[in-house]
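One structure is given here, and the rest of the page talks about it.
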Protein chains: 2
Amino acid sequence: MDIRTRLISTAEQLFDRHGFTATGMDRLTQAAGISSRTLYKHVGSKNGLMAAVLNERDRRFHRRINADSVDALFGALETWFAEEGARGCLFLRAWGETGGSVPEIVEVMARHKERLRQRIDDIVVAEIGHRDDELTEAILLLFEGATHAATYRGGAAVEGARRAARRLIEGARTQGLSS
Amino acid sequence: MDIRTRLISTAEQLFDRHGFTATGMDRLTQAAGISSRTLYKHVGSKNGLMAAVLNERDRRFHRRINADSVDALFGALETWFAEEGARGCLFLRAWGETGGSVPEIVEVMARHKERLRQRIDDIVVAEIGHRDDELTEAILLLFEGATHAATYRGGAAVEGARRAARRLIEGARTQGLSS
DNA sequence: CTCAGTGTAAAACGATCACTTTACATGTAC
DNA sequence: GTACATGTAAAGTGATCGTTTTACACTGAG
């Protein structure tokens, strides 16, 4: 495996399991099996590594939740949690640990969340035939809530979110959401 | 003001704004205006301080969202964010930064989340006249989603959650949620 | 008067932090 | 065959980590 790939996926695991600040560079280089000199050649700094990890996670996450229905969306989220564990949104966590003061991290988080909104917007159109911002917002909030709650309640949270989302979709289909 | 109270509220602010691990004890003692010896007499360790902060926040939070309707619940959340800022659930953040390996923190978070569920359960009964676990779960997820999303989208997230919750309540009132 | 309790200031603890440097081994390309 | 890019190991940078210790001041109660 490519050195950079190995570094970033190792870092993602350690950051996710133990936190960003709590994970030192020594532990990182040791786990990835590379020298610290090589690490700094590749990512420049710890903040650079964090940003690189989040960028890669963004790509992987959106590839995995590439769904065209609410059921498929929450199904994909459930699979993600089953395979990767649920420890809260890694973007929010990075943002919180750095106090929102690292521009690279703020940027990648904004991009990630914007993509999520667009994906759900597309799903809403596929489900009810036209855009509906209020419905998109509701499903997005359920999605975020499930991500949040799965940390302490496990996969059941996703099932609850899916059911609520389906109900809102049905309501919008039969009478319009603004009735 | 009592020394312990001052210490804990100072620590809550610093932890919330800059992260738990990133906030050192020197910065803490300096901001609270006490010596490190006194700090350790009062809370024993940094983990002890974190747990004490979360306990106090739990008390304060539940006193503030003591509502008996969905509107009042989300109204209280919006006020909370306006006054204290929205930087994500401090319990989840503490849990994430410690990798879930500090028992005192795991406990206080579990208690906090359980209380939140009970509060919403009561609200559901007040709104539709009987318990409805699925509806409670849905509103809880919207509440968590709003907490989560307000970090990067501001108070508008709370308004979206309130609207979706009201819609689900109305649905449950007219036809029952299990229709 | 004294003693216990509670506070301060400041130094010291070894460990670890993010990061850099020095010195050396590769393989590949011109 | 020499120059360059890319890697390693390992020591060193000064700063900061959480925590403990030493030495001293103040206060209220017996």
By salt bridge (charged side-chain N to carboxylate O under 4.0 Å, His left out) - contacts of A:Glu78 (at least two apart)
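Checked A:Glu78 against salt bridge (charged side-chain N to carboxylate O under 4.0 Å, His left out); matches are A:Arg162.
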
Identify, with sequence neighbours excluded, every residue that meets salt bridge (charged side-chain N to carboxylate O under 4.0 Å, His left out) alongside A:Asp133.
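Per chain and number, A:Asp133 pairs via salt bridge (charged side-chain N to carboxylate O under 4.0 Å, His left out) with A:Arg131.
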
Which whole-number value in Å describes the distance from [X] [atom1] to [N] [atom2]?
X: B:Gln30; N: C:dA10; atom1: CD; atom2: C1'; value: 14 Å
X: A:Lys41; N: D:dA5; atom1: NZ; atom2: P; value: 10 Å
X: A:Leu39; N: C:dC17; atom1: CG; atom2: C1'; value: 14 Å
X: A:Ile34; N: C:dT26; atom1: CD1; atom2: P; value: 20 Å
X: B:Leu7; N: C:dG7; atom1: CG; atom2: P; value: 11 Å

Residue among A:Ile105, A:Val106, A:Thr21 satisfying side-chain contact (heavy atoms from CB on, under 4.5 Å) with A:Thr98:
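When A:Ile105, A:Val106, A:Thr21 are each tested with A:Thr98, the side-chain contact (heavy atoms from CB on, under 4.5 Å) holds only for A:Ile105.
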
Is the phosphate of D:dT6, meaning OP1 or OP2, less than 4.0 Å from a side-chain N or O of A:His42?
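Looking at the OP1 and OP2 atoms of D:dT6, neither is under 4.0 Å from any side-chain N or O of A:His42.
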
Look only at the side chain of A:Arg87 and the backbone of A:Glu84, and say whether a donor-acceptor pair between them is shorter than 3.5 Å.
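Judged by distance alone, yes, a pair lies under 3.5 Å.
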
Need one value for A:Gly48: base, sugar-phosphate or nothing, where a base atom within 4.0 Å counts as base even if backbone is also close, heavy atoms only.
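No contact at all - A:Gly48 keeps every heavy atom at 4.0 Å or more from the nucleic acid.
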
Of B:Arg115, B:Lys113, B:Arg63, B:Arg64, the residue whose pairing with B:Asp58 passes salt bridge (charged side-chain N to carboxylate O under 4.0 Å, His left out):
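Running salt bridge (charged side-chain N to carboxylate O under 4.0 Å, His left out) over B:Arg115, B:Lys113, B:Arg63, B:Arg64 with B:Asp58 returns exactly one hit, B:Arg115.
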
Please encode protein proximity along nucleotides 10-21 of chain D as a string of B, S and -, counting only heavy-atom distances under 4.0 Å.
-------SSBBB

Worked verdict on B:Asn66 versus B:His62 for side-chain hydrogen bond (donor to acceptor under 3.5 Å, both in side chains)
CA-CA 6 Å; B:Asn66 185 12; B:His62 278 103; over 6 Å; no

